[in-house]
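Read through the structure below, which is laid out as structure tokens, and then see the notes.
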Protein chains: 2
Amino acid sequence: MSATMRDVARLAGVSVKTVSNVVNDFPHVSVATRTRVLAAITELGYQMNFSARNLSRGRTGMIALAVPRLRLPYFAELTDEVIVAAEARGYTVLVEQTGGVHERELEVLGSDRRRMTDGLIFSPLGLRPGDAPRLEVGYPLVLLGERALHGEVHHVSMANVAGARSVAEHLIARGRRRIALVGSYDERGAGAGSLRTQGFLSALHAAGLEHDPARTGETLEWTRATGAEAMRALLDRGVEIDAVFGLNDALALGAMRVLFERGLRVPDDVAVAGFDDIEDGRFARPSLTTVHPGRAEIAGAAVALLMDRLSGAPQRPAGEEVVVPHRLIVRESSGQGH
Amino acid sequence: MSATMRDVARLAGVSVKTVSNVVNDFPHVSVATRTRVLAAITELGYQMNFSARNLSRGRTGMIALAVPRLRLPYFAELTDEVIVAAEARGYTVLVEQTGGVHERELEVLGSDRRRMTDGLIFSPLGLRPGDAPRLEVGYPLVLLGERALHGEVHHVSMANVAGARSVAEHLIARGRRRIALVGSYDERGAGAGSLRTQGFLSALHAAGLEHDPARTGETLEWTRATGAEAMRALLDRGVEIDAVFGLNDALALGAMRVLFERGLRVPDDVAVAGFDDIEDGRFARPSLTTVHPGRAEIAGAAVALLMDRLSGAPQRPAGEEVVVPHRLIVRESSGQGH
DNA sequence: TTGTATGCGTTATCAT
DNA sequence: ATGATAACGCATACAA
């Protein structure tokens, strides 16, 4: 097997403690012994046994990130950023997929696996008010993209309401009056779906418009495929529309594809907008108007918040909410007026 | 702190060994004691300390997956599948991003972090013949998407050559004769780039065609953005083309976007095809002709191969190569003839 | 079927 | 500045 600290110590003629001091950059080690130890380490090809270190230290140097699924571009890009941010602080990330299934999401919170990590960054698809107690876990937890259910848990959220409102305002300013809403959500939830819908509706009301429920394309999953289905259903029902707001970019892209298939021109006949600013939207045809939610900032803030708690930094107020600013990005899919 | 096995044992009136037997589903435990122990476990809310278990067992129950970046759709989808496959076998996945940088890729192989996992599934962007010795690591390793450099390491690869050849044959059958190649690769590498290019060229040669080097759009990174740049450069140079083969879908999608911006019709003026069958291609406008490389199969095979080695299963021949079958998927971007 | 004793490789406490 | 030694929590011979 591979060498242990004991082997290194023996070879260098010092005690294990000294070896430990060296590998951990403990300040008080004479240059002579340090070099001697380092030499022994390279000679033996010694590598730290993390299990032993973790057991002794009582922590693991790993954090978990729970997302619905990596195949959803938004979460892939988010995970990418979280890994980068964690890495910068010497932490390793363990990715957990919940499938966005409520039951699985709750399971993940209490899973045995949580004992393998020091903390959890959790991006639920839709927590419900009744779930609040389940969030009182015994380890550092940071919630993403969710309004705090009870104010006890730290969380980082994007400007769901404001972002959706600005998209709707933009469409209205472009002269659109019959805007379809594609994507729905668990009504018991308090997640992004409900918040974005709120923002959307508030803009309509502010403009003195009504949202005809017939113009809502129901779909629980937020993928291109379901967005396409919902759009088809709307058109098949003969609903009249001059714009589409997808609750996320994937839905919007799926819808846009169907509009194309049905011979409707975007944006001339129907303007389209989404939410998330995923990479595909930038290169789609036409390119997709959307809301940039500050993914990198969210990831950075979440990791920072979690690290603060791990290092026992001056306690931030429980339930503190970090809201990352958004940015409306107007592209071709809503570019011109009628 | 949280309860230990000792606490559980004490409460249940048994020894730690018995508790251990219960939580590990050891066969010979009487129903009476088992239920007693389980009761104590739930009462105390006991959860296994993985660090301790790992130290004792000598393994961690985690595997690492090293990919270039999760923001690249192909790798996001691949990672998704690997996590699912690993989960099914009780393993947790730790994701490592190499950025596709050769230096970082080699570092990852020997990093301290490797001691936190039982094995590694490694998806390099381009290993070079000289790197072979670096692949002789002291732990189970499975390479993805790479032809074995020396035949010592196990690997799972997609049909890069055959897939690219079938794409090129398809374009040629559609009457295309001036096919641009978008995307290049480190010439020192033996990665997907070189293999796909080989397949592409072989189809041309078989058809008695020459590939004019002027029709190659150089770009090391394989993203939509770089694909777009390369396409712009080609068109700006006034190169005449009637088709584009992107070394992956992202490149092809970026190129297609530029063709649109320049007023060229796809597929009427220029047919486009990619490789990878990422989700965006299905919903792009026009939808993208591509090669489905069997992502799920690759992930499954890689995990299976790694698990075999972890469990010390009957040694498979070193350097065995599992090649997953591909499938040409013809869509709108190359749908019609001239 | 269950208990006892020992080891896993590090860190931390306390001396020196 | 360095060393001896006791945890850390669990698994596993070996006993009983």
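Note on naming: letters A, B, ... go to the chains in the order of the sequence lines (proteins, then strands), and numbering restarts at 1 for each one.
- Using modelled atom types and a 3.5 Å distance limit, the side chains of A:D131 and A:H102 yield a donor-acceptor pair.
- Along DNA chain C, the nucleotide closest to B:G13 and the one closest to A:Q47 are compared, and the more 5′ of them pairs with B:G13.
- Separating the CG atom of A:D7 from the C1' atom of C:dT10 is a distance of 13 Å, rounded to the nearest angstrom.
- The distance from atom CD of B:Q97 to atom CD1 of A:I83, rounded to the nearest 0.5 Å, is 4.5 Å.
- Positionally, the nearest nucleotide of DNA chain C for B:R34 lies more toward the 5' end than for the other of A:V19 and B:R34.
- For A:S30, the listed nucleotide lying nearest its side chain is D:dA1; candidates were C:dG9, C:dT2, D:dA1.
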Atom pairs under 3.5 Å: protein N/O with N/O of nucleotides 11-13 of chain D:
from, atom 1, to, atom 2, distance (Å)
D:dA11, OP1, B:N24, ND2, 3.4
D:dA11, OP1, B:R53, NE, 3.2
D:dA11, OP2, B:S20, OG, 2.8
D:dA11, O4', B:S56, OG, 2.6

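- Here the straight-line distance linking atom CG of A:L143 with atom CD of A:E321 works out to 10.0 Å at 0.5 Å rounding.
- If you measure from atom CZ of A:F26 to atom C1' of C:dT13, you get 12 Å, rounded to the nearest angstrom.
- Listed pair B:T33 / C:dT2 meets the phosphate criterion, a side-chain N or O lying under 4.0 Å from OP1 or OP2.
- Within the 4.0 Å cut-off from OP1 or OP2 of C:dG9, not a single side-chain nitrogen or oxygen of A:T4 is found.
- A donor atom on one side chain and an acceptor atom on the other are found under 3.5 Å apart for A:T60 and A:D118.
- Distance from the side chain of A:L55 is smallest to C:dG9 among C:dT2, C:dG9, D:dT2.
- The side chain of A:T18 sits closest to D:dG3 out of C:dT10, D:dG3, C:dT2.
- Using modelled atom types and a 3.5 Å distance limit, the side chains of B:H28 and B:N21 yield no donor-acceptor pair.
- Using a 4.0 Å cut-off between a side-chain N of Lys or Arg and a carboxylate O of Asp or Glu, A:R71 and B:E77 do not qualify as a salt bridge.
- Taking atom CZ of A:R10 as the reference point, atom P of C:dG9 lies 12 Å away to the nearest angstrom.
- Across the protein-nucleic acid pair, A:R59 atom CZ and C:dA12 atom P stand 9 Å apart, rounded to whole Å.
- Remark: the B:S2 side chain and the A:R115 side chain contain an N/O donor-acceptor pair separated by less than 3.5 Å.
- Taking atom CG on B:N49 and atom C1' on D:dG9, their separation rounds to 6 Å, with Å as the unit.
- Rounded to whole Å, atom P of D:dG9 lies 20 Å from atom CZ of A:F50.
- Pairs of residues two or more places apart, or lying in two chains, never qualify as salt bridge (Lys or Arg N to Asp or Glu O under 4.0 Å) while including a residue from residues 41-63 of chain A.
- The structure places OG1 of B:T117 at 8.0 Å from CD of B:E96, a figure rounded to the nearest 0.5 Å.
- Rounded to the nearest 0.5 angstrom, A:S15 OG and A:R10 CZ are separated by 13.0 Å.
- Rounded to 10 degrees, the angle between the two end axes of the helix from C:dT1-D:dA16 to C:dT16-D:dA1 is 30°, with five pairs used at each end.
- Looking at heavy-atom distances under 4.0 Å, B:Y46 makes contact with sugar-phosphate atoms alone, never a base.
- If you measure from atom CZ of B:R6 to atom C1' of D:dC8, you get 11 Å, rounded to the nearest angstrom.
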